[in-house]
Amino acid sequence: MAQTNSSPPSDFIREMIEEHIRSNRFQGRVATRFPPEPNGYLHVGHAKSICLNFGIAAQYKGACNLRMDDTDPSGESLEYVESIINDVRWLGFDWEDRLFYASDYFEQLYQFAVQLIETGKAYVCSLSADEIREQRGTLTEPGKESPYRNRSIEENLALFAQMRAGKFEDGAHVLRAKIDMVSPNITMRDPVFYRIKRATHYRTGTQWCIYPMYDFAHCLSDSIEKITHSICTLEFENNRPLYDWILDQLNVDYHPQQIEFARLNLSYTILSKRRLIELVGREHVTGWDDPRMPTIAGMRGRGYTPEAIRNFCARIGVAKNDNLVDISLLEHCVREDLNERAPRVMGVLRPLRVVIDNYPEGQVEEFECPNRPQNPGMGSRMVPFSRVLYIEQEDFHENPPKKYYRLGPGREVRLRYSFIIKCVNMVKDKQTGEIVEVHCTYDPETRNGPPSDGRKVEGVIHWVSANHSVPAEVRLYDRLFQIADPMAKEDDFTKYLNPRSLETLTSCRVESSLAGALPGSRFQFERLGYFYLDPKDSSPGKLVFNRIVPLRDSWAKVASQEKK
RNA sequence: UGGGGGAUCGUUCAAUGGUAGGACAACGGACUCUGACUCCGUGAAUCGAGGUUCAACUCCUCGUCCCCCAGCCA
């Protein structure tokens, strides 16, 4: 059962697992689980956990379960369950027939609670929520024992049965563990295990009016599923003694090991479910799947690939340090993946009309353009050329800045895969002074190579033929926040939302080959970035592209430094 | 502050008493019909003070700073 491959463990969790395998702690078994609560969409922080849990299971020939941790009906819904299932599968993981629900264990959990009462380890407490809070003590003061702590087992049993039977109002009683009100670990001060809550559960409906708390349900669910390693985030470290206490009192036959790791934080975004819900609720974004969101659904809609996300998760590592991972690493992983697989095309985002004065009116010729120059196996397509073209507005400057080697008055530039052209004139709008058209001449002998007189033309720009290109809408996405760590600020985090996180361009022109492109496919628009043909918003005759990530742009750096 | 965790290049992860290393970011260069990609190179860190040792990121002592816990949320 233990793997034979001798590659060293890559993190402290795998190290511990290998130690358990050596010592035969779980008979060599490895079983993990990913246990989301279906009260929101999964984000890239969850992706880290998914990759960890499923990755470990695969590596050690074990299995990873998908379990909905649905013990609090308020906020949970089928919509979220479906999104979670969809997202984990899209990421590339398979739980086979092991989709479980904590709510399926409600009856078993109830029986475990009864056992605890029978052995005098739990009691029904009739204090109000406020009173319980007051008597819990503080960080520095011990708590006080509840006056209901010493009720008889019979009375507790009867009361608990009545709680289940719906005899009491919400909040009238709770079931608490009888542990230690003066424990320095506040988690151990007689924690609540069951509360009365008349809420319709999306799966069990009104069958129950009492629901188990996380601490009680989670360890037992793990035990029921015979999980060996229950991997969770750092904030549950204080809860581990309780996790172990419950399983010890109940003398269950399976006692998993809880291991905690540091959750992912990503710069220029937020990964707190609560805050994400707020962004959706306050309509700062269009929904959970808004392409600016760090949710799996958002990244999918943006055009990120599962491979890129998985690779990112592998690279950030697993440790116990608080961290704020640079989002440029995620962007790097996306580019790295797309560089290999995205075919190159040309598209002009902000068109500037170019007339080639010495090119015959009505003439059209085609250039064969490789879909990926570095990989001839990806084929090529024909791109039409004619007298009137569009180039990018920013590829022309009337007064070119230093180190700029694109088009300007009297300057020459290479049209990608086409001729060298020279700017001979420009037309300005009489009112605004804005350049609306540029006139050039082309050099026919440069069609297949450099000019014979040896002159150097450094600039290469992309272009499309005015008459042959097709219109497109392009959405330029940028970072959601303007500062690296919006959560570190005391005030309202929405203050730091990036007002330019979305720019929609509606008069873009893309090469004709894109007219029949498959929705959901990804392209590199040469010199610009990677783009995703949005399958939700595109329709026959209407192309809508999302910018997945821009290309690295060293000119932007030069330009901004020249300005200083 | 009672308890629980954590401190290593700008960021992140490693080094498990024996040359502090990788990745991202930054910077410089080569290449280039993508200012992309690729390649080469540069700078950059052990929280502090003591101690043990031939040798300390690692072990010991004392500090400092950061995170988590006072939901009938997870």
Side-chain angles (χ1 to χ4, degrees), chain A residues 8 10-11 15 35-37 39 69-72 74-75 125 127-130 132-134 136-143 170-171 173-176 182-189 191-197 210-211 213-215 217-218 232-241 260 262 267 273-274 312 315-333 335-336 339-340 344 346 372-374 403-406 413-418 420 446 448-450 457-462 484 524-529 550-559:
Chain A
S10 56
D11 58 67
E15 220 164 78
E37 183 188 12
N39 66 346
D69 204 359
D70 53 358
T71 58
D72 179 4
S74 49
C125 179
L127 254 23
S128 70
D130 284 345
I132 288 181
R133 188 180 333 110
E134 283 161 21
R136 187 152 30 221
T138 67
L139 295 180
T140 49
E141 307 156 35
D170 286 14
H173 310 278
V174 291
L175 183 73
R176 296 178 75 178
V182 302
S183 171
N185 181 354
I186 295 176
T187 305
M188 300 298 273
R189 318 236 260 231
V192 171
F193 281 173
Y194 269 90
R195 74 281 211 182
I196 303 172
K197 195 170 202 164
I210 58 172
Y211 293 95
M213 301 286 291
Y214 166 85
D215 285 306
H218 204 91
C232 62
T233 45
L234 248 30
E235 66 269 27
F236 291 106
E237 230 157 3
N238 293 328
N239 302 47
R240 178 154 32 98
E260 311 85 12
S267 64
K273 215 193 252 185
R274 219 179 98 70
F312 170 72
R315 290 215 205 180
I316 55 178
V318 179
K320 298 188 75 158
N321 305 327
D322 288 328
N323 60 77
L324 181 62
V325 173
D326 195 332
I327 198 167
S328 65
L329 180 60
L330 212 209
E331 295 170 343
H332 168 82
C333 291
R335 288 191 191 102
E336 183 179 57
N339 180 43
E340 295 297 324
R344 272 66 195 188
M346 289 194 285
R372 181 159 193 242
Q374 293 86 343
K403 293 183 184 170
Y404 183 86
Y405 47 83
R406 304 177 193 174
V413 76
R414 162 77 67 180
L415 293 178
R416 179 75 161 156
Y417 296 128
S418 172
I420 288 173
T446 57
N448 289 314
V457 175
E458 224 183 334
V460 179
I461 65 173
H462 59 278
Q524 184 195 99
F525 286 10
E526 292 218 34
R527 303 209 305 130
L528 296 175
L551 251 30
R552 288 186 56 169
D553 185 359
S554 54
W555 163 245
K557 284 176 199 163
V558 174

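Everything numeric in this text was worked out from a predicted model, so none of it was measured. Order of the sequence lines sets the chain letters (A, B, ...), proteins ahead of strands, with each chain counted from 1. Side chains are part of it too, since the values below use all heavy atoms of this structure and drop only hydrogens, waters and symmetry mates.
With respect to the salt-bridge test (charged N to carboxylate O, under 4.0 angstrom), the residues A:Lys273 and A:Glu37 do not qualify.
Side-chain N or O atoms of A:Asn185 include none that pairs as donor or acceptor with a backbone N or O of A:Ser183 at under 3.5 Å. A:Arg195 places no side-chain N or O within 3.5 Å of a backbone atom of A:Leu175 that could act as its donor or acceptor partner.
Between the CD1 atom of A:Ile316 and the C1' atom of B:rU12 there is a distance of 9 Å, rounded to whole Å.
Comparing B:rA25 with B:rU42, their C1' atoms sit 14 Å apart, to the nearest whole Å. Comparing the same atom, C1', in B:rU46 and in B:rA14 gives a spacing of 13 Å after rounding to whole Å. Of the C1' atoms belonging to B:rG71 and B:rG6, the separation is 26 Å, rounded to the nearest Å. Taking the C1' atoms as reference points, B:rA20 lies 27 Å from B:rG29, given to the whole Å. A distance of about 15 Å separates the C1' atoms of B:rA26 and B:rU12, rounded to the whole Å. A gap of 10 Å separates the C1' atoms of B:rU53 and B:rC59, to the nearest Å.
The side chain of A:Ile186 approaches B:rC69 more closely than any other nucleotide in the set B:rU11, B:rG35, B:rC69.
Paired regions of RNA chain B, where each region holds three or more successive Watson-Crick or G-U pairs whose two hydrogen-bonding distances fall under 3.5 Å, are B:2-7 with B:64-69, B:10-13 with B:21-24, B:26-30 with B:38-42, B:47-51 with B:59-63.
With sequence neighbours excluded, the residues forming a ring-ring contact (aromatic ring centres under 6.0 Å, His included) with A:Tyr404 are A:His397, A:Trp555, listed by chain and number.
At a cut-off of 3.5 angstrom, counting only N and O atoms as typed in the model, there is no donor on one side facing an acceptor on the other between the side-chain of A:Gln374 and the base of B:rU38.
Phosphate proximity of B:rA26 to A:Arg552: present, with a side-chain N or O under 4.0 Å from OP1 or OP2.
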